[in-house]
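Here the structure is laid out as structure tokens; the discussion comes afterwards.
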Amino acid sequence: MVFGIMASNHDVKKLLRELDVTSSLLSHLVPEEDVIIHEFATLCLAHMAVEYTTKVQIFEQGGLEPLISLLGSPDPDVTKNSVECIYLLVQEFQSRAAVCELNVIPPLLDLLKSEYPVIQLLALKTLEVISKDREMRIILGENEGLDCLLKILETNEFNDLHVEALAVLGNCLEDVHTMQLIRQTGGLKKLLSFVGVSTVPDIQKNAAKAIAKAASDSENRKILNEEDVESCLINLLEIDDDGVKVAASQAISAMCENLASKRAFGLQGIPQLVQLLSSDDEEVKEAAVIALANLTTASPSNASAVAEAEGIEPLVKSLNAERHGAVANAATVLTNMAMQEPLRLSIQSHGVMSVLTEPLRSSSSQVQSRAALTVAAFGCDANARSELRNAGGLGPLVELLHSKDKEVRRNACWAVMVCASDELTAVELCRLGALDILEEINLSTGRRNNFSEAALERLLDNNLSQKYSQMGYLSSSNVITDGFYDYGKIKPGVKLLSLEELSMQELTDRRAIIFINAKPQEDVLAMEEKPQHISSEQTTLSVPTSRKSSREKVRKGKGKKEEEKMKEVVEIVSEVQDEVNLEDVQWQPPPDFMLMNYINDASKIILPLTTTREQVVALAQFVADKMGGAIERDKLHDFSWELHISEIEFELKSNIVPIGKVKKGTFYHRALLFKVIADRLGIGCSLVRGEYNRAWNEVKLVDDSPQGVTGLLLPPQEYIVDLMFVPGFLMKQESVEADQYKHI
């Protein structure tokens, strides 16, 4: 008796544990002992079973069997102490397995009929714990335990037991067999009706949790849908209790696996879930956004319903939520909505790309992965890419390529691939190191994936200057545009500076950088006619020293040579440029007026020609004529193109040379000019860099059918275009002539 009372004290419990009194106490639980002994022995054990070590001792010393036998004791105190001790013991897996063999279910169900609420409550709590095991749920059903639980729910005077009874039912409903059994007896309708009329938050919460557990099985979801569980859950979202809202949202998430339920929630529940996104409780917000993520996955109609419920703004704000789950799933909802262009544009107008920069920096791999996926979904739009670029989002995106998480790395590669769709973004991604990281990834068999390969290819295809310097090859689909420059071959791992950065360098003796910038002729004429309206974007020069010191007004004259006219235009441009605040404008390369004339003249000569072969030959002759004409093979060493290029560099006080300035060009100058003009005229050709200043163009042409044979379509043959020795001569790939042209 004394031990039983004193064992509630922590220090006494510790001392009793050290004295190892459990075996002595268990020895007094035999039927022959007096009820008083039973009462205080079980009381002492109940106090001590709170500690893990005592639980182990009771289990190992066979204490479960005598405790279960005492559940039928006529003394309520003995019964209460015994069931409490069992409740504490079954918290451990070993004891749960053991009570199954000891047939504990029937005596526990008998205790539900006890006149003492505390005994009923402890019996229900014990049933809740042991019913987590499937075998125990089967035994519970076989012993008509479900009927006992439903009777408790139907009895108003047992309202203090309803929460625990629902918890046990929730475990039981995980099994399809049990669900079907309850449905057949009408118990499921009673359960849902009971939840609908109850005003007790704990009951409503446990009911929602029970539905969520049951919905883990597809057959159960079908049954619940047929019983219109959706209306019940939607009503629970309206309850003014955060715990109920969380449980209801979680149940909705689980039921979304059923397509009929997903449609039903789309028609009714989405507005309520959207309202929960503005909740002050972070757990409510997270549960609601997870439900919306499940509802909008593979469901365009539900995605539209979210927008109609004015969910875009709170979703974008949720990207800054405190919980990682809320951020990740908000990104998922926005990604699902972005599949529809009107919704994507509407979301973009809320500045989603700027907000995504923080999730990209998150420490959570789940958030990183979902944020990268969202960037990929919105990055197809040029304005969205510009917003991400200006917000500094490309940096953290590139950092994700280093991630050890496979999914994060894959989604980051996907986002980089999408964002590299324009030259500005591709160049910036290269500057941030994306190219080097992707090359490293693609060298690894373990980390390489389809997205990393596609990202690298896209990055280079939209940064042709980098691609040509690094790979020495541009295909016919790689169209050279204004701003391209040939820096020469760079070694792996060496950073290619931008044209603006190169323009700031002092004049050196290294290879000249050849750049392309052919603005439309109309713009030049406009600058001649209205110099006072020239925009800073059109007139900004790359090299400050190219400005003329003279402020003379230039008079126009019809008898001037073409080059003198171009010099006049440059002087006019220089005058206006002196009046522009260079700190407030974006750097732009100077226009190449001569290249503009080349393109215009070539189009007049070449486009009227009827066959591609004729156009290629004529263009080759045109390029050779502008670059110093044909050269005899044995006099190639006398062709002093290096001195000519050096003179241009000295004249411009810059390492950057417009290609139109080059009048004596060798292989790589001519091949580049050929490619530039061919791209403008729609003639397909590739550009290949060789060794020792060699470069050449490859074209594919279809030969004529053999004489006497009509209707025969031959496959295209690849030719090398001679731009040096016999301009316009076409050499078949891998022929002796072609090899001699490509190599010294």
Side-chain angles (χ1 to χ4, degrees), residues 233-234 237 245-246 248-257 259 261-279 281-360 362 364 366-381 384 388 407 411 414-415 418:
L233 293 174
I234 290 169
L237 291 176
K245 291 175 181 175
V246 169
S249 299
Q250 291 170 343
I252 289 172
S253 296
M255 285 298 299
C256 282
E257 294 293 321
L259 293 179
S261 293
K262 183 181 277 192
R263 286 192 292 269
F265 287 126
L267 294 172
Q268 302 177 47
I270 285 179
Q272 289 92 324
L273 288 168
V274 168
Q275 288 178 3
L276 297 185
L277 296 179
S278 302
S279 172
D281 188 286
E282 291 294 323
E283 189 177 1
V284 171
K285 190 184 297 183
E286 181 182 27
V289 80
I290 291 172
L292 287 171
N294 290 326
L295 281 168
T296 55
T297 298
S299 178
S301 59
N302 284 354
S304 300
V306 173
E308 291 169 8
E310 299 181 355
I312 293 176
E313 186 175 349
L315 279 168
V316 173
K317 288 181 179 178
S318 295
L319 292 173
N320 290 321
E322 294 177 10
R323 287 176 170 249
H324 289 153
V327 178
N329 284 281
T332 299
V333 180
L334 293 170
T335 302
N336 294 338
M337 296 174 72
M339 298 300 104
Q340 301 176 62
E341 187 175 1
L343 299 186
R344 177 171 57 77
L345 295 175
S346 179
I347 295 168
Q348 274 179 220
S349 67
H350 287 78
V352 67
M353 288 302 238
S354 300
V355 181
L356 279 169
T357 55
E358 283 307 312
L360 289 172
S362 173
S364 164
Q366 183 192 28
V367 173
Q368 293 171 348
S369 176
R370 303 283 182 87
L373 204 57
T374 308
V375 169
F378 288 91
C380 58
D381 184 89
L388 183 69
E407 185 179 344
N411 290 347
W414 190 355
V418 174

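Just so it is clear, the values below take in all heavy atoms, side chains as well, and ignore hydrogens, waters and symmetry mates.
Residues meeting the side chain to side chain donor-acceptor pair (under 3.5 Å) test with N336, sequence neighbours left out: T296, T297. The side-chain contact (heavy atoms from CB on, under 4.5 Å) check on N411 picks up S369, A372, L373, E407, W414, with sequence neighbours excluded. Remark: Q275 engages no residue in a side chain to side chain donor-acceptor pair (under 3.5 Å) (not counting sequence neighbours). By the side chain to side chain donor-acceptor pair (under 3.5 Å) test, E257 pairs with no residue at all, sequence neighbours left out. Take S364 and apply the side chain to side chain donor-acceptor pair (under 3.5 Å) test, not counting sequence neighbours, and it matches no residue. For E341, the side-chain contact (heavy atoms from CB on, under 4.5 Å) criterion is met by R344, L345, not counting sequence neighbours.
A donor-acceptor pair shorter than 3.5 Å cannot be found between the side chains of E358 and N320.
Here the closest non-hydrogen pair linking L233 and F265 is CD1-CZ, 4.0 Å. Heavy-atom minimum distance, A288 versus L276: CB-CB, 3.7 Å.
Electrostatic pairing of E282 and R323 does not count as a salt bridge here, judged by no charged N lying under 4.0 Å from a carboxylate O.
Around CD of Q340, the count of heavy atoms belonging to other residues, nucleotides or ligands within 6.0 Å exceeds 12.
With respect to K285, the side-chain contact (heavy atoms from CB on, under 4.5 Å) criterion is satisfied by exactly one of S249, S278, S318: S318.
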